[in-house]
Amino acid sequence: MKKRALSLLLASVMALALTACGSSAGNASTDAASDASGDAAFSTVTAGTLTMATNAYFPPYEYYEGDKIVGIDAEIAQAIADKLGLTLKIEDMEFDSIITAVSTGKADMGLAGMTVTEERKKNVNFSDTYATGVQVVIVPEGSDVKTVDDLANGKKIGVQLATTGDIYCVDDFGSDFVEEYNKGNDAIMALLSGKIDAVVIDNEPAKSFVASNPGLVILDTEYVTEDYAAALNKENDALLEAVNGALKELKADGTLDSIIKKYVPAE
Ligand code: GLN
C-alpha cells in the first residue's frame, strides 16, 4: 500500500518536472508558447533561436571585444533570449540593412540603439522602449561651431548612413552639407583629418569615440532626444508581446538598469 502511494507520488512529481522543463526551455521556438509573456505563442526565424540583427560598431551598445559582440544591446538580447528559452544568435550588418533583415524575415529582432520613428514603424513593430538616446554634435577642440545652430553656417556634417542623425541633418541643413558614412567611426576619422567640420551621432557612442580620439569635444547643446527600442517583424505580434513581457520583467527586477549601469557609469 505504502509503496504504491510512494510511486504514485513520484510519478506526479516527475510529470510536474517534465511540464516545467517544457515550458521554460524546450518549446519556445517554432509555434510554441512563451513563459515570460504569459500565453502568447510566437515563432522565430530559426526554431529555438532568437536571431538579432545589429551593427556592431556602436559602443557601448554593441561592439567587438575580440571576435565577440558585446555591449548593452548584446546583454539585453541575451537576457530576453534566456527568458524566452531561446539561444541568442547575433548577426552583424550595416545599420541600413537591419530594418530590411527584420521585415523580410531574416532576423527576429533588430537591436542596435535604434530610435523609434514613425517612418520605421511603417516597416517594423517596435517593442517598449528600453533606453534614451540623444543626438549630439562632436567638433574638434577650438572649433567655431559652438552650438547646434552654428551647423547652419555652411558646415560639412558627418553622419552615419540612414540613422536619425542623418535624417535630421538632411532635413535641417540640406543634403549638400551632409556626408554619410557607413560607420560612426568612419565619420570620426573624416573629422580628425579635417574633411568635415562636425559629426552628429548618439551621445553614448559619441562619448566613447571622443574618449579614444584626443582633440575632439562634444557640444553642450543637445540636438534631439529619442527613445531606443527593439524592431520586430510586423507579422509577428506574438513575438512582440513576448519581448515586451521579457523587457517588463527585466525592468522590474533591476536587470536592465544594471546592464546599462555596467556600460554607462554614472557621471
Ligand atoms: N539611434 C540612431 C538611429 O536609430 C543610431 C543608431 C545606430 O547607429 N546604431 O538611427
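Both counts, for ligands and for their atoms, begin at 1 and track the order of listing.
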- request: Give a yes/no verdict on whether any heavy atom in Y228 is under 4.0 Å from an atom of ligand 1.
  value: yes

query: atom 3 (C) of ligand 1: which of Q160, E62, R120 has the nearest heavy atom?
result: R120

message: Quick one: does any side-chain atom of R120 pair with a main-chain N or O of T115 as donor and acceptor, under 3.5 Å?
response: yes

Partner of D73 by side-chain hydrogen bond (donor to acceptor under 3.5 Å, both in side chains), out of Y61, Y228, Y130, Y63: Y130

query: Which heavy atom of the protein is the closest neighbour of atom 7 (C) of ligand 1, given with residue, atom name and distance?
result: F58 CE1, 3.2 Å

message: Distance under 4.0 Å to a non-hydrogen atom of E226: what atoms of ligand 1 satisfy this?
response: 1 (N)

- request: Would you check if T225 and T132 make a side-chain contact, meaning some heavy-atom pair closer than 4.5 Å?
  value: yes

- prompt: Has ligand 1 got any nitrogen or oxygen that is less than 3.5 angstrom from a nitrogen or oxygen of A162?
  reply: no

- prompt: With a 4.0 Å cut-off on heavy atoms, does A112 reach ligand 1?
  reply: yes

message: Between S143 (side chain only) and V139 (backbone N and O only), is there a donor and an acceptor less than 3.5 Å apart?
response: no

query: Below 4.0 angstrom, N of the basic side chain to O of the carboxylate: do E204 and K207 qualify?
result: yes

message: Closer than 4.0 Å to some heavy atom of M114 - which atoms of ligand 1 meet that?
response: 4 (O)

- prompt: Can any side-chain N or O of D108 pair as donor or acceptor with the backbone N or O of V45 at less than 3.5 Å?
  reply: yes

Closest protein heavy atom (residue, atom, distance) for atom 6 (C) of ligand 1: G113 O, 3.3 Å

query: Applying a strict 4.0 Å limit to heavy atoms, is D202 in contact with ligand 1?
result: yes

task: Go through the structure and list residues passing salt bridge (charged side-chain N to carboxylate O under 4.0 Å, His left out) with K89, not counting sequence neighbours.
output: E91

Short N or O distance, T163 and ligand 1, threshold 3.5 Å exclusive: no

